[in-house]
**Student:** 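Okay, handing you the structure first.
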Amino acid sequence: MSVRIQKEPFSIDDEIAKIKKTSTSIGAVVSFLGTTRDLSRSKAVSRLEFEHYPGMAEKKLEEIRLRAIRDFGVINVAILHRVGVLPVGENIVLILVAAGHRDEAFRACRFCIDELKRITPIWKKETTTEGEVWVEEHP
Amino acid sequence: MSVRIQKEPFSIDDEIAKIKKTSTSIGAVVSFLGTTRDLSRSKAVSRLEFEHYPGMAEKKLEEIRLRAIRDFGVINVAILHRVGVLPVGENIVLILVAAGHRDEAFRACRFCIDELKRITPIWKKETTTEGEVWVEEHP
Amino acid sequence: MITIKLFALLRDRAGVDTLTVAAKACRVDDLLAQLAREHPALAELISSGRLLVSVNQEFATKESPVKDGDEVALMPPFSGGQGQRQ
Amino acid sequence: MITIKLFALLRDRAGVDTLTVAAKACRVDDLLAQLAREHPALAELISSGRLLVSVNQEFATKESPVKDGDEVALMPPFSGGQGQRQ
């Protein structure tokens, strides 16, 4: 499965090994890793929780993946997003783009994270010193 | 050391864990991984060897690293390149860019790999079915 | 029956994650108006115009048709991903 | 003495990775001309104009000065990195 939403941590080395096994023409793997910070809008974050719309979220990620492969001519794409309560400092989202050339890999990876934020039904709740808030980002 | 040239394999998870420890403001890590392919100019590659100019190669990588941090406003950069005889399919080069925002992380990572290829004294020798050749890339 | 799924802030406001409403075939905006009347806790968010709506897990507009048996979701602006400091 | 370091194809052609030449203070192009005369195996590559030259591990031009004790390197075009198929 090249698109996954899960509570568990992921290993980037493992995911890269998996994607490399899918083709022998891969020369470049560009990845985006999103991590939780300890500050949000200048307030200390003590706790983060991610929630998704099961079914629709996976479907949107798979759409993004297939469009990236088709529109940028890359070899393969993997997208992982974690949900549930996550401590500060954890890895949240991973996008891997495997390609023959680096140029298309960079552009496809950038496309995937921008689209993920735009069309994937996932929500983040932050607990800061001022209380809990569902974050609304304006990408 | 945020710039390394080594014979040994590297773990991307370990390198990301190291760079994340250097700041609590990191929200995005963009990475470029270059791997060896089994084909080069349509010929099957059986063996790869990388050689570097010890001293000058590290110095150029550190220059690239510091320019990326300064010019793109990213938080930290790590650059690793392997040398010696490497089997096909191995990871060759890793660039990690840690930043607050994804935009600057993507741009700085792209800058680093372009500059690495342009100004770092590292050479690749490929053994294919047609013999050995020192590769001259024209990036 | 139409199933209404609520997420994030909407679910917190409503106190439940799923509503069912008896509705004839209508448009998304008709359904939203009915929900706002029947569930005052959601009225402010619905009228804000900032919610996204899906019908059977595809994005819908105010004019999209809704019929018996459909799964409709009311969704606040998304915030997945990370990597964007504000 | 000036130390000349040779890499990759240049080293293979010369059969050694380091040469030392007795040279007075001069320019890079003078040094290259002397090397081409003393080491015919390198002459073709030196005259190709495609080599990069460094003096004390900094990139140099044909006009750069070289003096006793310097470390000069003759370098074929680089091919580090990977991730570019041709």
Side-chain angles (χ1 to χ4, degrees), chain B residues 5 31-43 45 48-61 63-64 79-83 86 88-95 109-110 112-126 132-139, chain D residues 1-21 28 31-32 35 39 41-62 64-67 69-86:
Chain B
I5 294 181
S31 68
F32 173 85
L33 176 69
T35 69
T36 56
R37 288 177 300 265
D38 59 349
L39 282 180
S40 176
R41 287 154 225 91
S42 311
K43 296 187 281 286
V45 176
L48 279 152
E49 184 171 355
F50 285 87
E51 167 182 345
H52 73 302
Y53 182 172
M56 183 168 172
E58 289 86 347
K59 187 172 158 181
K60 289 293 150 193
L61 293 183
E63 279 180 25
I64 294 167
I79 307 179
L80 276 71
H81 202 298
R82 290 178 68 196
V83 290
L86 297 174
V88 169
E90 289 281 292
N91 297 332
I92 301 301
V93 58
L94 176 68
I95 293 170
C109 190
R110 179 66 201 251
C112 287
I113 180 62
D114 288 351
E115 283 296 281
L116 183 152
K117 293 174 81 78
R118 198 173 70 84
I119 68 166
T120 310
I122 298 178
W123 300 272
K124 173 170 62 177
K125 185 163 68 173
E126 285 180 352
E132 285 187 357
V133 62
W134 285 102
V135 177
E136 297 191 6
E137 308 226 27
H138 305 279
Chain D
M1 302 296 278
I2 294 169
T3 303
I4 314 287
K5 297 183 75 83
L6 303 172
F7 292 97
L9 183 58
L10 279 156
R11 185 204 43 237
D12 290 357
R13 289 273 175 90
V16 293
D17 62 10
T18 308
L19 298 169
T20 51
V21 296
V28 164
L31 184 67
L32 291 179
L35 279 168
H39 301 274
L42 298 178
E44 182 199 333
L45 285 168
I46 288 172
S47 66
S48 74
R50 286 163 47 255
L51 298 185
L52 294 157
V53 178
S54 67
V55 177
N56 298 328
Q57 306 194 356
E58 278 301 340
F59 290 111
T61 65
K62 286 193 187 329
S64 299
V66 186
K67 62 181 192 311
D70 282 350
E71 173 180 296
V72 174
L74 300 196
M75 304 180 288
F78 306 144
S79 51
Q82 269 294 26
Q84 190 78 352
R85 198 196 298 161
Q86 289 188 311

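If you're wondering where the values come from, they're calculated on a predicted model, not measured in any experiment. The figures that follow rest on heavy atoms only: side chains count, while hydrogens, waters and symmetry mates do not. Lettering follows sequence order; numbering is per chain, from 1.
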**Student:** Taking all non-hydrogen atoms of both residues into account, name the closest pair between D:Gly81 and B:Ile92 and its distance.
**Tutor:**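 Heavy atoms of D:Gly81 and B:Ile92 come nearest at O-CG2, 4.4 Å.
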**Student:** Who pairs with D:Asp70 by side-chain hydrogen bond (donor to acceptor under 3.5 Å, both in side chains), at least two apart in sequence or on another chain?
**Tutor:**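 Only D:Asn56, D:Lys67 meet the side-chain hydrogen bond (donor to acceptor under 3.5 Å, both in side chains) criterion with D:Asp70.
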**Student:** Let me confirm one number: the CD-CE distance from D:Glu71 to B:Met56, rounded to the nearest 0.5 Å.
**Tutor:**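 D:Glu71 CD to B:Met56 CE: 10.0 Å, rounded to 0.5 Å.
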**Student:** Check B:Tyr53 against D:Ser54 and note the closest heavy-atom contact, atom names and distance.
**Tutor:**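 Closest approach of B:Tyr53 to D:Ser54: CE1-OG, 3.6 Å.
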**Student:** If I measure from the heavy atoms of chain D, does B:Leu94 come under 4.5 Å with its side chain, its backbone, both, or neither?
**Tutor:**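 B:Leu94 has no heavy atom closer than 4.5 Å to chain D.
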**Student:** Identify the two heavy atoms, one from B:Trp123 and one from D:Met75, that lie closest to each other, and give their separation to 0.1 Å.
**Tutor:**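 Closest approach of B:Trp123 to D:Met75: CZ2-CB, 3.5 Å.
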**Student:** Supply the atom-to-atom distance B:Glu132 CD to D:Leu9 CG, rounded to the nearest 0.5 angstrom.
**Tutor:**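 Answer for the CD-CG pair, B:Glu132 versus D:Leu9, is 11.0 Å.
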**Student:** To the closest 0.5 Å, what do you measure between NZ (B:Lys117) and CZ (D:Phe78)?
**Tutor:**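 If we round to the nearest 0.5 Å, B:Lys117:NZ and D:Phe78:CZ are 12.5 Å apart.
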**Student:** Under the side-chain contact (heavy atoms from CB on, under 4.5 Å) test, which residues partner D:Glu58, sequence neighbours left out?
**Tutor:**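 D:Glu58: side-chain contact (heavy atoms from CB on, under 4.5 Å) contacts with B:Lys59, B:Lys60, B:Glu63.
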**Student:** Return the minimal non-hydrogen interatomic distance between B:Val135 and D:Ser79, and the atom names on each side.
**Tutor:**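 Scanning both residues completely, I find the closest heavy atoms to be O-OG, 3.1 Å.
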